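Everything numeric here is computed off the predicted structure, so don't read it as measured data.
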There are 2 protein chains.
Amino acid sequence: MALKFEGISKSTSAATTIYDALRKAIIEGELEVGEPLRQDEMAKLFNTSRIPVREALSRLEEHGLVKTRRYKGAVVCGLSADEATGIFDFRALIEPEVMRRAVPKMSRELLQQARGYCEAFSQSTEPLHWGDLNRDFHSTLYGVSGLAYHLEVVDNAMDRVDRYLRAQLVLSNGIDRANIEHFGIMEACEKGDADLAAKRTFDHIEGAKNSLLHGIST
Amino acid sequence: MALKFEGISKSTSAATTIYDALRKAIIEGELEVGEPLRQDEMAKLFNTSRIPVREALSRLEEHGLVKTRRYKGAVVCGLSADEATGIFDFRALIEPEVMRRAVPKMSRELLQQARGYCEAFSQSTEPLHWGDLNRDFHSTLYGVSGLAYHLEVVDNAMDRVDRYLRAQLVLSNGIDRANIEHFGIMEACEKGDADLAAKRTFDHIEGAKNSLLHGIST
DNA sequence: GTAATGTATTTTGGATCCAATTTTCAAGCT
DNA sequence: AGCTTGAAAATTGGATCCAAAATACATTAC
């Protein structure tokens, strides 16, 4: 476990701070799948007692990021190929609909902001930033849909597959495919074509799924 | 707060026992929306310390059943009309697809079991059993879809709206509509018509949504 | 040498205690 | 009366301590 941390803020609870940090570390793949998260170790790392650590682990488990067994502790959750497929199928069902409902509400400013993330993503060479920029891009567009619950659930689904997605982007030319698709989605949004944007969102997710499963893109 | 409880099992953790009991109480409407859940009170009720109570509350919050504010404690979550609509729209997106994928895998035994729940639901006069029977019915059919993640998420969505659904069933003739629709879904499943089952599932959820929002059914 | 067994260490789950914050409510002031 | 104010009570967040279970490891029997 090679996790660093300096100082906890006073304005937010220790449990939340720990939860956020561990969530980020898991999503970014900093913690390996199957790696045990010892309460003592975390407590020392965050300069707290084990109590807020346990609350954080409990929350992480509800989000499917760790798996806990009684008296055995928590380990970072992995996904089987089937499970990953299931989550992508799920996203392919939800996100196009969110996009369809969002397009009519997109202001000029919002589109500019999204295009900014899109271009930043295409120009970034740092894999660790890809995840954030990718999510900023999609979340910005989805956000105006007004479908709060859909967004909450999509966020959760993204949390579970982000690691695998980044790994895939790094290994193959998936990053090129992602960029082409992102600009395609942007274009449809800017044209105000909700159905096209939805279709391209669907294809984008299916593409990611297949590239992940076959280990090859395009 | 009129909550009763006798003895916790030793085989499962106290936190889990408390979580399950509170979840059930909230879903069944035994605890009113906005009602504060005091840690001390819960601890005494379950004969434990506040530690497992806090873990249970933390988990409930991740599931959207309670809302916590720092140093203020947890209260039972309610839903605005918009939020409820959003959750039904979400279900109307997921569940028909789950049903479509489940129909081809339904065995004769499974169909019989589902029909059993369906008939029990139609004959039960006890509102408190409606929720369980309704979910047994749907979960039995959905279960064979193999879409584990979809099911997990649907379960969560059901948790959030079950209370309102039951209230609606009690107040109007929604129970009749629900029965008609259930048997319609059963029929489609027994015929092996996946598309029809999916469409009827969609209509079932839309019907529930509208009956809930307008306060009147058909 | 290997497998079984019993003990020590580690680790988690829970209880009790303390600190920080909010809420309550009574006293005082205008 | 109505509004501040400030101390006491109530409540949550976190630390420390103890019990229960699992794991590691040494010892013994074969």
Point to revise | Steps toward side chain to side chain contact (heavy atoms under 4.5 Å, CB included) verdict (B:I87, B:M158) | key: CA-CA 9 Å; B:I87 293 180; B:M158 285 181 172; over 6 Å; no
In whole angstrom, what separates [X]'s [atom1] from [N]'s [atom2]?
X	N	atom1	atom2	value
A:M42	D:dA15	CE	P	16 Å
A:D40	C:dT9	CG	P	16 Å
A:R50	C:dT16	CZ	P	17 Å
B:I18	C:dG14	CD1	P	8 Å
A:K44	D:dA15	NZ	P	15 Å
B:I51	D:dA15	CD1	P	11 Å
B:E41	D:dT11	CD	P	9 Å
B:E35	D:dT11	CD	P	14 Å

Point to revise | Qualifying side chain to side chain donor-acceptor pair (under 3.5 Å) pairs, either residue in residues 76-88 of chain A, two or more places apart | key: A:S80-A:E83
Please list, chain by chain and in numerical order, all residues satisfying salt bridge (charged side-chain N to carboxylate O under 4.0 Å, His left out) with [X], sequence neighbours excluded.
X	result
A:R91	A:E95
B:E62	none
A:R59	A:E55
B:R38	none

**Study point:** Donor-acceptor pair between B:N156 and B:H63 side chains, under 3.5 angstrom
**Key:** yes
Review point. With respect to the side chain of B:R38, which nucleotide from C:dT11, D:dT12, C:dA15 is positioned closest?
Key: D:dT12
**Study point:** Positions of residues 52-66 of chain B (non-hydrogen atom under 4.0 Å from DNA chain C), listed by number
**Key:** B:P52
Exercise for review: Any pair with a residue in residues 144-156 of chain B that passes salt bridge (Lys or Arg N to Asp or Glu O under 4.0 Å), sequence neighbours left out, goes on the list, sorted by first then second residue, please.
Suggested key: A:R160-B:E152, B:R135-B:D155
Point to revise | Qualifying residues under ring pair (Phe, Tyr, Trp, His ring centres under 6.0 Å), relative to B:F90, sequence neighbours excluded | key: A:Y149, A:H150
Are there any protein N/O atoms within less than 3.5 Å of an N/O atom in nucleotides 22-24 of chain C, and if so, which ones and at what distance?
unit_1: C:dT23; atom_1: OP1; unit_2: B:K72; atom_2: NZ; d: 2.8

Exercise for review: Examine D:dG13: is either OP1 or OP2 under 4.0 Å from a nitrogen or oxygen in the side chain of B:Q39? Give yes or no.
Suggested key: yes
